[in-house]
Amino acid sequence: MNKTSLAALLSMVTIGLSAVPFAAQAQTVKIDGSSTVFPITEAVAEEFQIQKRGKVHVTVGIAGTGGGFKKFCAGATDISDASRPILAAEMQLCKDAGIKYIELPVAYDALTVAVNPKATWVDQITVAELKKMWEPAAQGSIKTWNQVNAKWPKQPLNLFGPGTDSGTFDYFTEAVNGKAKSSRGDFTASEDDNVLVQGVTQDQNALAYFGFAYYAANAGKMKALKVVNSAGQAVGPSDVAVLDGSYNPLSRPLFIYVNVDSLKKPEVKEFVDFYLSNAQSLVKEVKYVPLAPAAYQMAKEHVKNGKLGTVFGGVSKVGLKVEDLLKMEAKQ
Amino acid sequence: MSASNASVSHIPSKLVADAAMKSLQRHKLIDQLFVILGMTILFASLLTLAVLFLDLVRDGAPRFGWDFFTNFPSRNAQRAGILSAWVGTCLVMLATVCVAMPVGVAAAVYLEEYAPKNIFTAIIEINVTNLAGVPSIIYGLLALGLFVYKLELGQSIASAGLTLALLILPIVIVASREAIRAVPRNIREAAYALGATRWEVTAHHVVPYSSGGILTGLIIGLSRAIGETAPIITIGALAFIAFLPTPPIGSEFPYLSFTWLSDPFTVMPIQMFNWVSRPDTAFQVNAAAAGAVLLVMTLAMNGIAIYVRYRFRKKINW
């Protein structure tokens, strides 16, 4: 029995393996972290490996921003994808393990608040209204649209949002409710953003928030709300609005964190340089908003000069432009 | 017989026949109803599987082709393939079988043939049965602590194989014990009577005769393992990996290599999950196609098991 089934399995595997040529022992760049940043890093890794013709291997995981930092601070990965800045607890973890890192913004994402196209009563929304919908106190009490704004109809308000482990959830709650992870709990949560997209496309009374890429891929089936910014203008999510800073507070930078010791390895250094040089076009291709060219240039200088630590000091800040971030003093 | 004849002798024989007939008809009717019910349930579940499978095949149809099996993942849905995923799945399953089968069968043989009936054995038995009901993510957490960090196996095929083997061990043990128990007592006694030792009885008779049932248990376990995502993600399988593990069979002496055990990997369900949750809807097609392939892989595994079992049955002649 053992022999037959083993032989069968083995032969299956070998047939497959023999079909593909192998690269000999290659260096590996290990990356893990946010699933939001994943498409960008994946695109860069794909192009990088094509360019290096298999001499360098790149692996990318989707453990989530938090899970990624756990591995990163244990020294298990060279680079960590993050959809929010490193937290104080994670900074401590890295410090205890003697891991030093460089923080590099690589793209913007515009958190998009979307409703069903049939929700004709709403085109724009203020942060205060969003807060009224999503704050912990709303749990069980805010159930209809008119409770948020008297001009809206008395129809049930069905909320959809990402799961509590996601960086998107962290950022939205920080920007809207003033404190990361503080949110009402009685909404339909899913780690799979396509479930949120489906919720909005099928339910006239639904409201959801998710990354801009999910809106861009389904733009015909839903309506993105304009969000009233700090200057009092209602602005819809778009590349231009994100870049000029007018889509605030819901546009956020995405980061990669690079282990400084790994940077000493030529393949990691080359990968990071490749990342920053090609991000402009690749980020656009996977439907995120690239930074201004000058910002990538500044990030490159940081790598060159070895600017250690984070400019956030473990506290998330909302609505900052990347150019300003890059100029700020960093803490470890 | 004569007693019952005597007791009904004063009732007209036609009446007795009528009553018997009626009760017989009623029983037949119940019998038929049960057959219909059973068939309906069977077909309902088979139909669900068929519809699911056909739906996946229909959705994924544009992607079936040589490219899909020989391409690595990509940001471009049209170019993305499942090469690293299906190779990873095959290798992880291989590692799982190599651990789960010997350990599972040995445990079952010990518990059935050797273990004394005492409180210690009883505790083990209860634990094995209960372990079958532990959610798979718990195994993932255990494996992360034990295999990945403590034993320093890292995020490798070996870690994944050990994790999944652990996950399916209770299933394999319980099924193997059932199969061993089904070997008639007199076979063992006949062997003992001819002077065979306990080991000889086990190795020459009990295990070969029960191998059909053991194999069934193993396949049920593997079918569960092949679709597991949660424990594999926990121990750190990757979503993007554009190279293959070292091949287990080389062209130079000693022909067998074990470095693949320590290589990073991804598996089919993770690749599917990753595609399903992408914003670009073109990836949904890839996910459907990968789902169909995963189902075919599972069915093929079952097919091999059925064939092997059939071969074994033919050899048993008692």
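The chains referred to below are lettered A, B, ... by the order of the sequence lines, with proteins before strands, and numbering in each begins at 1. What you see is a predicted model, and the numbers here were worked out from it, not measured in a lab. Note: hydrogens, waters and symmetry copies are ignored here, and every other heavy atom, side chains too, is used.
Heavy-atom minimum distance, A/Gln49 versus B/Phe243: OE1-CD2, 4.1 Å. Contact detail for A/Tyr214 and B/Arg278: the closest heavy-atom pair is CE2-C, 3.8 Å. Closest non-hydrogen pair, A/Ala217 versus B/Pro279, comes out as CB-O, 3.0 Å.
Put simply, CD1 on B/Ile233 and CD1 on A/Ile62 are 5.0 Å apart, with the number rounded to the nearest 0.5 Å. We find the CG-NZ distance between B/Leu144 and A/Lys71 to be 7.5 Å, quoted to the nearest 0.5 Å. Note that NE2 of A/His57 is 8.5 Å distant from CG of B/Leu244, once rounded to the nearest 0.5 Å.
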Checklist entry - Checking side-chain contact (heavy atoms from CB on, under 4.5 Å) for the pair A/Phe38/B/Asn274: CA distance, chi angles, key distance, verdict? => result CA-CA 10 Å; A/Phe38 175 81; B/Asn274 178 245; 3.5 Å; yes
Item to check | Worked verdict on B/Gln155 versus A/Thr59 for side-chain contact (heavy atoms from CB on, under 4.5 Å) | outcome: CA-CA 11 Å; B/Gln155 293 146 15; A/Thr59 63; over 6 Å; no
Checklist entry - Under the salt bridge (charged side-chain N to carboxylate O under 4.0 Å, His left out) criterion, do A/Glu42 and B/Arg75 qualify, and how do the steps go? => result CA-CA 7 Å; A/Glu42 183 198 40; B/Arg75 67 180 180 284; over 6 Å; no
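Looking at A/Tyr215, neither its backbone nor its side chain comes within 4.5 Å of chain B, counting heavy atoms on both sides. For a residue to count as touching a neighbouring chain, one of its non-hydrogen atoms must lie under 4.5 Å from one of that chain's; by this rule A/Ala213 touches chain B with backbone and side chain alike.
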